[in-house]
Structure formats: structure tokens, C-alpha cells
K.L.:
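Starting off with a structure, shown below.
All chains are named by letter (A, B, ...) in the order of the sequence lines, taking the proteins before the strands, and each is independently numbered beginning at 1.
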Number of protein chains: 2
Amino acid sequence: MSIESPRRIRRSPEAARENILSAAQGLLLDRGPQALKLVDVAKGAGVSHATVLHHFGSIGEVQTALMEQMIRQLVEQILTAERSDDPEGQLESVGQVLFDAFESAGGARLAAWLELTGEARRLTLVREAVGEVISGPMAQKGISPDRATNLVLVAVSLAMGVGLIGRSLAELVGRPPDSTREAAQAFLKAGLAAALQE
Amino acid sequence: MSIESPRRIRRSPEAARENILSAAQGLLLDRGPQALKLVDVAKGAGVSHATVLHHFGSIGEVQTALMEQMIRQLVEQILTAERSDDPEGQLESVGQVLFDAFESAGGARLAAWLELTGEARRLTLVREAVGEVISGPMAQKGISPDRATNLVLVAVSLAMGVGLIGRSLAELVGRPPDSTREAAQAFLKAGLAAALQE
DNA sequence: GACTCTATTGACATTTTTGTAGATAACTCT
DNA sequence: AGAGTTATCTACAAAAATGTCAATAGAGTC
């Protein structure tokens, strides 16, 4: 029987916060917002719950910090795709990334959570991204700001819906999980094409 | 100073459950799922929390009962509209009701909640409704079951997204709250029309 | 009016969740 | 190596949320 040496991992404050937030994100994505309890987050991060409080002050601040981080990630993904591509494929590509962001990265779950908890005002970052898409690639395609806004509203809503319930819905009607997304992307593409033909 | 008579309202078990559930629904709709605490629900219903437990056994059962009731309401709305209308307007009408159900009645919030908490299997009722729409009005329009399923998946996802974040999104980009829904309905209608022209 | 039934309640008990405080250990700098 | 800083931990405390129980009070029946 040896006395075990009390090994601790000591992180920089930033690393510690990051570690905790990523654990929290994992919990949010696969167990839902209700799972964001202090001890559970701590356990997920491999630290004591006191450590979480040391870095965030309260569980509530963990949650808002998580929201902000996820929003930043979401917007970054979209803007990156919007900027880097060739102007031709931009619209399709942005559509692609939009669905990706809302699906895999948990964007839909985040947005749903924000909406359900009434914190949707935090989405100011999103407004900027939307504005950039409207005045950028869509303007280049000759789409008026007004119509462009409508298309974006529809596209984002659709991506949101698909990201949130698309897979469940498909399985519910006996289809492969991705079929909702595929159908939605095709539908959106057709609608965009129609909008361009005027 | 008079001794106040301890007036109680004594309801039938059914009325009591209904009263409690409707209070719970109110809480869910305007404060989110996190607000569904035992005491808060009880306060909303104007009874003691012990009464809630007497009728439901636990707060968890209140929540699942609420889910089931809301799902039933949702499906009923959709099926009613699907059945009662003239065959011509059915598709448009169902689209209308779909958006209504997911928006005003809180269907989107319900579905989001189910999804976030991983209880989406409860939606078997929805499968039946979907099946009925596919084999009913859509078949009459000459749409193949396969294509019909795709359209339904898209329509429901879109209604879901619009119902959940449509208003916030519109306000976020400086539009009137209803504009997301209007744009989405127009977009969906156009897509349906295109699908019929083959 | 007395009796029965049970929905309702206040008071208590338990569990869950969050927050606090002092001690300890990991890291940096000298 | 020694000292200072502070991230981390354990143990404790507080608060919040859920659940239990015996007593009370409506409403119907005899």
C-alpha cells in the first residue's frame, strides 16, 4: 500500500476555462440544457466543482460564457466560408455551411436553447453575419437587399429546423437520418435558382 | 378582525389535472422548460405544490403529461384542417395550419424541448399525422409517396424553424416579426407549385 | 345532521444543486 | 533552493427543489 501522491493538473486560467467550457458544450449537445449542472460540468471537465466556481463565479456564468463561445464559433464558420470561396459557388457553399453549422456544431441546439430561455438578444453577432451575406455575395448575384433578406430569413429558419429535428423527423417516417437535410438543401437550391431567374 | 374562512376550491380530478397542465403550459411557453419547477407550476395553478404531487406523483410526470397533451393538440389541429377542407385548398390550408401550430400554439417550443431533452420518440402521433397527409391530399394531387415525404420533411422542418426563431430572427435584421413567416410561406408555396408541375 | 370520500393543504423531511472557506500543491521567478 | 502566487481540492454550509404525511375541508349520500 503506497500513499498516492495527490497529482493535480494546473492549467492557465484560459486553459482551465476552455477545458470547462468544452465539457459543458459536450453536455449540452448530448444531454440537453438541463444537464448543465455544476457538478456534472465539473465531472466532465475532470475537476472539482469548486474549480468551476473559481473560474466562473457561478453556474449561470458558465452557461452564458458557453452561449457566447458557441455563437462566436457559429458565426465564424459561416463568415469564413462566405469569404474564402470563389464568388461563383459562394451562395451554394454558404448554404452548405449553414446547414453544417446548425447541424453538426450544435448550432440548432444552441439557438433553440437561447430561444427557450429567452436569451435570444445575444444573437447580435448573427445580425452582422447576415448583413455581410446580404451585402456581399447576394448583392453580387443581383438580388435586391429586400429579397435577399427574405431568402436569408427562410434559409436560416430552414437550416435551424433541419438541424434541430431533421434527423428525428426522418427516422420517424422511416427514412435515413440525412434525408431531411438532403431534401431541404435541394428544395432551398431550387428556390434560390428560381429567385435568380427574375 | 375576522377569522378568515379557509376557502378551498375543490375540483374533480380531471379538472384539477387540466388546471395544473394549463398553468404548466403557460410557463413553458413564456419562460421556457427550465421554469417548469414544482412550486412555480403550483403557484401558477393557484394550488399548493402538494396538490400537484397528489395528482401527478412527481414533477417529471407533469412534464410528460404536458408533452403528451401538447402533442395531441398539435396533431389534432393539423388533422382537422387536413380533413375538413375542400380538396383544392387542402395543401395550402395544411401549410397554413402547420405554421400556425408550430408558432402560436407553441408547437415549435414543444418540439425543441423534446429534442433537447432527448424525448423525441414520443412523437409517434406525429408519424400518423404525416402518413395521413401523404396518403391523403398529396396523393390526390398526384405526388408520389417518395416525393411527398420529402416535401413534408422540408415543410415541417421549415415550420419548426420559423416557429422557433422566426420572430427573433426578423427583429434581429430589422424586419417586422411576421416577415419570416410570410417569406417562408411564400417560399414553400412556390416550391410546392413547382413540385406539382411535373 | 352525521357519515364517507378524497382533494387540498401546511409542516416536515429528503435530496439535489449551488456556493464558501481554508488548506494544499503546482508553477514561476529569483 | 526558497518564496510568492494562485489553481485546485476537500470539507462544510446554504439554498433550492422535490417529496412525504397527517390533518382539514369541500361535496355528495344516507
K.L.:
I need the full list of side chain to side chain donor-acceptor pair (under 3.5 Å) pairs touching residues 107-116 of chain B, with sequence neighbours left out, sorted by first then second residue.
P.N.:
Ser168(A)-Glu115(B)
K.L.:
Check each residue of residues 54-62 of chain A for a non-hydrogen atom within less than 4.0 Å of any atom in DNA chain C, then write out the ones that pass by number, or none.
P.N.:
Ser58(A), Ile59(A)
K.L.:
Compare the minimum distances between each of dG10(C), dT10(D), dG19(D) and the side chain of His49(B), then state the nucleotide with the smallest one.
P.N.:
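Shortest atom-to-atom distance from the side chain points to dG19(D).
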K.L.:
Not counting sequence neighbours, list each pair that qualifies as a salt bridge (charged side-chain N to carboxylate O under 4.0 Å, His left out) and has a residue in residues 179-197 of chain B.
P.N.:
Asp100(B)-Arg181(B), Glu103(B)-Arg181(B)
K.L.:
Whole angstrom is fine here: how far is it from CG in Leu38(B) over to P in dT16(C)?
P.N.:
15 Å
K.L.:
Starting at NZ of Lys43(A) and ending at P of dT18(C), how long is that distance when rounded to a whole Å?
P.N.:
13 Å
K.L.:
With sequence neighbours excluded, what pairs up with Ala15(A) under the side chain to side chain contact (heavy atoms under 4.5 Å, CB included) test?
P.N.:
Arg11(A), Ser12(A)
K.L.:
Quick check for you: among dT20(C), dG10(C), dT17(C), whose closest atom lies nearest to any side-chain atom of Ala50(A)?
P.N.:
dT20(C)
K.L.:
Determine yes or no for a side-chain-to-main-chain donor-acceptor pair under 3.5 angstrom, with Ser179(B) supplying the side chain and Arg175(B) the backbone.
P.N.:
no
K.L.:
On DNA chain D, nearest-nucleotide positions of Val39(B) versus Gly46(A): which is more 5'?
P.N.:
Gly46(A)
K.L.:
Leu164(A) and Ala112(A): which non-hydrogen atoms are nearest, and at how many Å?
P.N.:
CD2-CB, 3.9 Å
K.L.:
Looking only at side-chain N and O atoms, does Thr51(A) come under 4.0 Å of OP1 or OP2 in dT8(D)?
P.N.:
no
K.L.:
What pairs of residues pass the ring pair (Phe, Tyr, Trp, His ring centres under 6.0 Å) test when at least one of them lies in residues 128-175 of chain B, not counting sequence neighbours?
P.N.:
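Residue pairs with at least one partner in residues 128-175 of chain B: there are none.
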K.L.:
For Leu53(B) and dA11(C), what is the distance between atoms CG and P respectively, to the nearest whole Å?
P.N.:
17 Å
K.L.:
Whole angstrom is fine here: how far is it from CG in Leu36(B) over to P in dA17(D)?
P.N.:
13 Å
K.L.:
Scan residues 10-35 of chain A against DNA chain C and write down, sorted by residue number, each residue with any heavy atom closer than 4.0 Å; if none is found, say none.
P.N.:
Arg10(A)
K.L.:
For Asp178(A), enumerate each residue passing the salt bridge (Lys or Arg N to Asp or Glu O under 4.0 Å) test, keeping only those at least two apart in sequence or located in another chain.
P.N.:
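Partners of Asp178(A) under the salt bridge (Lys or Arg N to Asp or Glu O under 4.0 Å) test: Arg167(A).
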K.L.:
Could you give all pairs that pass the salt bridge (charged side-chain N to carboxylate O under 4.0 Å, His left out) test and reach residues 14-40 of chain A, with sequence neighbours left out?
P.N.:
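For residues 14-40 of chain A, and leaving out neighbouring residues, there are no salt bridge (charged side-chain N to carboxylate O under 4.0 Å, His left out) pairs at all.
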K.L.:
Bend across the helix from dG1(C)-dC30(D) to dT30(C)-dA1(D), to 10°, with axes taken over 5 pairs at each end?
P.N.:
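The end-segment axes of the helix from dG1(C)-dC30(D) to dT30(C)-dA1(D) are tilted 10° relative to each other.
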K.L.:
Considering only side-chain heavy atoms of Arg8(B), which listed nucleotide, dT20(D), dG26(D), dC9(D), is closest?
P.N.:
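In terms of side-chain proximity for Arg8(B), the closest of dT20(D), dG26(D), dC9(D) is dG26(D).
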K.L.:
Who pairs with Glu132(B) by salt bridge (Lys or Arg N to Asp or Glu O under 4.0 Å), at least two apart in sequence or on another chain?
P.N.:
Arg83(B)
K.L.:
dA25(C), OP1 or OP2 - any side-chain N/O from Arg7(A) closer than 4.0 Å?
P.N.:
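Answer no for this pair, as no side-chain N or O of Arg7(A) is under 4.0 Å from OP1 or OP2.
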K.L.:
With ring pair (Phe, Tyr, Trp, His ring centres under 6.0 Å) as the rule and sequence neighbours excluded, what pairs involving residues 155-192 of chain A come up?
P.N.:
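Every pair satisfying ring pair (Phe, Tyr, Trp, His ring centres under 6.0 Å) with a residue in residues 155-192 of chain A: Phe187(A)-Phe187(B).
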K.L.:
Please, which pairs that meet salt bridge (charged side-chain N to carboxylate O under 4.0 Å, His left out) have at least one residue in residues 154-166 of chain A, sequence neighbours excluded?
P.N.:
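Counting only pairs at least two positions apart or across chains, no salt bridge (charged side-chain N to carboxylate O under 4.0 Å, His left out) contact touches residues 154-166 of chain A.
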